[in-house]
Amino acid sequence: MHLASRCLMTMMVLGAAAWANAAVAASTLQNITYKTLPGGRVELRMNFDNSQLPQPSIFTTDNPPRIAIDFPDTTNDASRHQDIGVGTTTGVSAVSAGGRTRVVVELMQASSYKSRVEGNSLVLVVNNGTQSQPVTTAATIDPSKALPSAMNGPAISNIDFQRGANGSGRVLINFSSSGANANMRRQGSDILVDIDNAQLPASQSQRLNVLDFATPVQSISPSSTPSGVHLDIAYTGDVETSSYQTGNQYVIEVTPKKESAKNTNPGSFAQPVYTGSRLTFNFQDIPVRSALQLLADYSGLNLVASDTVGGSITLHLVNVPWDQALDVILRAKDLDKRRDGNVIWIAPQKELADYEQSLSDARFKAEDTAPLITTYVPISYGKAQDIAKLLTTGSMQSITGGGAAGQAAQHRGFLSPRGSVSFDIRTNTLLINDTAEKTAELRGIIAELDRPVQQVLIESRIVIATDDFERDLGVQWGVSGNRTNPSGQTLQVGTGIGNSQGNNSSTSTLGGGLSNLNVNLPAAPTTGTASTLAAAILGKNYALDLELSAAQAEGRSEVVSSPRVITANQQEADIRQGQEIGYVTFQNTSGGAGTSGTATVAFKDAVLELKVTPTITADNRVYLAINVNKDSLDHYITVTGSGQVPVIDTRSLNTSVLVDDGQTVVLGGIYEVTKSDTINKVPGLGDIPGLGILFRNTQHVNDKDELLIFVTPRILSDSLQ
């Protein structure tokens with residue numbers, strides 16, 4: 001009877017416990033499934049055992065990037081962890097404690113998300129990054145469980161801001177009721193919050209300036225959107241952001257990042273940065289293995305301690321990150337750790353070093369015994385001979401004598417000690433004979449080397465502009481007269497402009513001699529012909545002839561040459577166009593009549609030439625080593641005994657310049673100005689004011705020559721190559 005009473009009591013206790021658990025945990029998370037959506041998105045579906053879905057609280061963190069969902073009054077029957085590895089979603093974990101269940105979505109980087117309710121399931125769509133993407137699904141949404149829309153959703157009752165103790169800023173968004181669906185993401189120096197199913201009253205639609213709070217947050221700008229409410233939170237500096245939602249309140253925290261301790265000793269290693277959750281330990285002579293067990297329970301990691309780990313330790317740590325506490329224990333007991341995923345192996349330092357040395361020895365031994373395979377790798381863009389030389393740098397063997405004794409020491413480069421590489425010039429193929437592991441490594445190296453070389457189009461313009469001006473003024477005049485002396489002889493006095501004609505044999509000339517002109521300073525331009533204006537005064541016994549001449553010449557010319565060439569990166573290109581000017585020279589001339597010597601034909605180049613070597617920099621600029629020549633025939637000179645030899649007018653430029661892609665740069669220019677004023681005059685008479693113009697000739701020349709060289713490099717895209 002006594003045994004029956006004890007059994008009955010046990011059953012009553014178990015029943016009461018079961019009833020209590022049922023009362024505390026009204027729902028059970030049965031499982032979590034996922035499927036992949038286009039664009040690297042992931043749809044997570046959290047399924048519960050009944051249609052009464054608990055109201056979730058969703059919050060996010062940036063370091064580490066996580067999305068956490070808390071379900072109150074819920075137990076967990078789902079698996080503790082699932083690996084996903086799609087987009088930015090790496091996995092999902094579910095843990096139940098204290099009457100609630102927390103689902104944590106693990107991310108590679110901060111990502112936006114959308115949530116909705118379907119029947120007895122909560123659906124969470126995680127985007128591939130922070131850029132919001134449209135979510136489409138063919139699932140039927142239970143109207144009774146769907147989140148409210150912006151038209152009938154909760155209204156924002158208040159937007160408040162608080163300053164935390166560590167200088168952080170906290171934005172508090174209060175709603176009139178629960179059911180708001182908020183999504184936070186970072187973009188540049190702004191935090192963007194989209195609340196799809198909420199309303200923004202006019203009283204809350206105003207910009208908040210929070211500079212006076214001395215936090216990273218500068219301002220809060222709410223606005224209404226067709227689908228709900230949008231908040232733009234501006235901040236400055238390097239910050240960490242997190243958000244969480246409880247009931248009818250959504251909280252965003254913006255915390256300044258703490259700078260890691262800088263190492264003031266240049267000779268030591270940098271101090272590690274600890275990010276674990278903080279804890280407090282106060283133990284006297286606690287076994288090391290027990291302390292490690294406590295850290296494993298606190299951190300959630302799997303710690304495996306070697307059998308040689310032992311001893312005791314005294315700890316007094318207050319508010320210390322758990323990973324720092326672990327390092328303190330390891331240093332105090334000459335231990336070390338190796339981490340593989342979420343498993344940490346702890347052992348004495350010497351034991352770990354011996355283990356790693358044995359692994360290294362085993363790896364080298366495996367390489368020595370691994371079979372060799374032969375692989376043929378075709379080369380597309382380079383030369384197999386050049387790539388083979390790169391792979392075997394330092395491994396070339398020179399035979400100075402017969403047998404193996406004449407071989408130099410072997411240094412295999414990228415090959416294993418037993419590997420070899422050769423090449424076939426005809427098919428441009430590499431022949432590799434090495435282990436399978438080393439062959440895979442060599443294939444990766446060859447793939448990096450065998451790439452198409454970028455090409456550059458170099459356009460240049462050579463502009464030669466000339467502006468010539470010349471003005472000449474001159475005068476010619478003469479006076480002549482006749483007089484008969486008492487003896488009847490006719491005398492001619494002075495001269496005239498025309499030709500001298502004697503009247504008879506008895507005519508003699510006085511003063512001017514046989515010249516027809518008293519002043520002969522006509523205009524003599526270098527180009528063209530002068531214009532003249534003549535006048536004459538005839539008397540009974542005299543004649544006055546006057547002739548004025550003037551010439552003005554103006555000329556403008558412009559020669560534009562535009563050579564262009566395409567070449568590969570770091571390959572010299574040369575383009576030239578022009579002519580070779582031939583001329584005849586004579587050798588072995590004796591100087592006698594009828595002996596001209598041996599004729600020889602020689603040539604001089606008069607060409608336009610562009611020679612350039614481009615180098616594309618890592619920031620997509622072009623470094624040019626460029627040489628430009630512009631030669632032209634100027635005139636011929638006569639050489640005694642050799643005929644006429646051409647004189648070449650040469651213009652050249654040799655320089656180096658760094659230019660942006662598509663930018664035009666002026667490499668150089670030459671500007672020449674030639675001015676001359678020439679006066680020919682009769683001494684003394686030409687200096688008489690006013691009247692002196694009848695006794696002088698003036699010539700004014702003003703010539704201008706300008707040379708400019710422009711260059712424009714353009715990096716050709718792959719589609720044009």
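Computed from a prediction, not measured in an experiment: that's the story for all the values here.
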State which residues pass side-chain contact (heavy atoms from CB on, under 4.5 Å) with Ala568; sequence neighbours excluded, sorted by chain then number.
Val453, Gln571

[X] (side chain) donor-acceptor with [Y] (main chain) under 3.5 angstrom:
X	Y	result
Asp83	Gly91	no
Ser460	Pro563	yes
Asp705	Thr466	no
Thr664	Thr712	no
Asp649	Asp634	no
Asp434	Ser416	yes

Using a cut-off of 6.0 Å, state whether more than 12 heavy atoms not belonging to [X] lie near its atom [atom1].
X	atom1	answer
Arg66	CZ	yes
Gln663	CD	yes
Asp340	CG	no
Lys704	NZ	no

Report yes if the side chains of [X] and [Y] come closer than 4.5 Å at any heavy-atom pair, otherwise no.
X	Y	result
Asp605	Asp631	no
Thr374	Leu372	no
Leu716	Val456	no
Asp677	Lys675	no
Val673	Asn702	yes
Leu431	Tyr376	yes
Phe423	Lys389	no
Ile233	Tyr235	no

To the nearest 0.5 Å, how far apart are [atom1] in [X] and [atom2] in [Y]?
X	Y	atom1	atom2	result
Arg461	Arg564	CZ	CZ	6.5 Å
Gln385	Ile425	CD	CD1	5.0 Å
Leu391	Leu442	CG	CG	6.0 Å
Ile715	Gln454	CD1	CD	6.0 Å
Ile432	Arg443	CD1	CZ	7.0 Å
Gln476	Asn697	CD	CG	10.0 Å

When you look at Thr567 and Glu572, which way does the side chain to side chain contact (heavy atoms under 4.5 Å, CB included) test go after all the steps?
CA-CA 7 Å; Thr567 183; Glu572 183 184 66; over 6 Å; no

Residue among Leu473, Thr678, Asn680 satisfying side chain to side chain contact (heavy atoms under 4.5 Å, CB included) with Thr698
Leu473

Which heavy atom of [X] sits nearest to which heavy atom of [Y], and what is that distance?
X	Y	result
Ile581	Tyr636	CG2-OH, 3.6 Å
Ala606	Ile648	CB-CD1, 4.3 Å
Lys681	Arg696	CB-CB, 3.3 Å
Asn629	Ser652	OD1-CB, 2.7 Å
Val647	Leu633	O-CD1, 3.7 Å
Val701	Glu470	CG2-CG, 3.9 Å

Please identify which of these residues, Thr88, Asn127, Thr89, meets the side chain to side chain donor-acceptor pair (under 3.5 Å) condition with Ser111.
Thr88

Give every donor-acceptor pair under 3.5 Å between a side-chain atom in residues 611-626 and any protein atom, sequence neighbours left out.
| residue | atom | partner | partner atom | Å |
| --- | --- | --- | --- | --- |
| Thr617 | OG1 | Asp619 | OD1 | 2.4 |
| Thr617 | OG1 | Arg621 | N | 3.0 |
| Thr617 | OG1 | Arg621 | O | 3.1 |
| Asp619 | OD2 | Arg621 | NE | 3.2 |

Is there a side chain to side chain contact (heavy atoms under 4.5 Å, CB included) between Arg714 and Asp661 once you walk through the steps?
CA-CA 5 Å; Arg714 303 182 189 277; Asp661 180 21; 4.2 Å; yes

List the steps and the verdict of side chain to side chain contact (heavy atoms under 4.5 Å, CB included) for Val657 and Val711.
CA-CA 10 Å; Val657 64; Val711 170; over 6 Å; no

Apply side chain to side chain contact (heavy atoms under 4.5 Å, CB included) to Thr60 and Tyr113, showing your working.
CA-CA 10 Å; Thr60 62; Tyr113 65 90; 3.6 Å; yes

Decide, yes or no, whether a salt bridge links Asp194 with Arg185 under the criterion of side-chain N to carboxylate O below 4.0 Å.
yes

